[in-house]
Structure formats: structure tokens, C-alpha cells
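Below you'll find the structure, written out as C-alpha cells, and then a few comments.
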Amino acid sequence: MPARLPEGRLDAFGAYENAVLPLLAEHGGRLERRLRTPDDRVEAHLVSFAGEADFAASRADPRRPRAASLLEASGASIKLLPVRDVP
């Protein structure tokens with residue numbers, strides 16, 4: 001999941017992250033890696049779930065929309081990218 005972060009809004013994005021990242025574990029998800037570019041403008045998460053149903057349940061969690069105002073306040077744009085291991 002890459003997120004583009006407007007300059008000066010890192011704290012606002014952090015508030016959103018603090019609200020939604022704990023939900024992962026409740027749905028069998030795990031934050032494997034959290035990476036950020038040196039200029040703090042892009043953050044990427046590598047997240048894993050046991051299966052598609054767990055991922056879907058995480059995305060449908062009713063607490064996630066309640067945190068939407070935090071994401072909006074941050075000005076960040078997020079894109080979900082499904083990935084797979086490459087041997």
C-alpha cells in the first residue's frame with residue numbers, strides 16, 4: 001500500500017495510522033514492513049493476511065470509515081496493490 005503524503009501533514013497521517021493499523025491483527029492481518037521515502041512524501045506498508053476473507057473483513061470493519069476524516073485531514077492518497085511472493 002503506497003500512500004502519498006502532502007508536505008507538512010505527517011502528524012495527521014500518523015493519527016489515521018494509529019486508528020486503523022491496530023485493526024489488522026483483529027482480522028488476522030499483520031504489518032510486515034512499514035517503509036518511508038527519505039523526504040517523508042511516500043509511505044508503503046507490506047501487509048499480510050491468512051486469506052482473502054480476512055482481508056475483506058479488515059476492509060469492511062465499521063471502525064475504518066469512522067477514521068476516514070483523519071485520512072481526509074492528512075491529505076494523503078492511498079492505493080492498495082495486491083502482491084505475491086516471487087520465487
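Heavy atoms only, all atoms of each residue included: Arg64 and Leu23 are closest at N-CD1, 4.2 Å. Listed here is the closest heavy atom pair of Ala19 and Leu70: CB-CD1, 4.0 Å. In this structure, Ser69 and Arg66 approach most closely via the heavy-atom pair OG-O, 4.1 Å. Residues Pro6 and Gly75 approach most closely at CG-O, 3.2 Å, considering heavy atoms.
Atom CG in Asp61 sits 3.5 Å away from atom NE2 in His27 (nearest 0.5 Å). Leu31 CG to Ser48 OG: the interatomic distance, rounded to the nearest 0.5 Å, is 9.0 Å. Interatomic distance, CG of Leu21 versus OH of Tyr16, reported as 8.0 Å (0.5 Å rounding). Taken from CD1 in Ile78 to CG in Leu71, the straight-line distance is 4.5 Å, to the nearest 0.5 Å.
Taking 4.0 Å as the cut-off between side-chain N and carboxylate O, Arg4 and Glu43 do not count as a salt-bridged pair.
The cluster map of Ile, Leu, Val, Met, Phe, Trp and Tyr, joined by side-chain heavy atoms under 4.5 Å apart, puts Phe13 and Leu80 in the same cluster.
Side-chain atoms of Thr37 come within 3.5 Å of backbone atoms of Val42 as a donor-acceptor pair (strictly under, hydrogens ignored).
Heavy atoms of other residues, nucleotides or ligands lying less than 6.0 angstrom from CD of Glu72 number 12 at most. The environment of Arg30 atom CZ is sparse: at most 12 non-hydrogen atoms of other residues, nucleotides or ligands sit within 6.0 angstrom. At most 12 non-hydrogen atoms from other residues, nucleotides or ligands lie less than 6.0 angstrom from CG of Asp11.
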Worked check of side chain to side chain contact (heavy atoms under 4.5 Å, CB included) between Glu26 and Ser58: CA-CA 8 Å; Glu26 294 183 32; Ser58 172; over 6 Å; no
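Between Leu10 and Leu5, the closest side-chain pair of non-hydrogen atoms falls below 4.5 Å. At a threshold of 4.5 Å between non-hydrogen side-chain atoms, the residues Glu32 and His45 do not count as touching.
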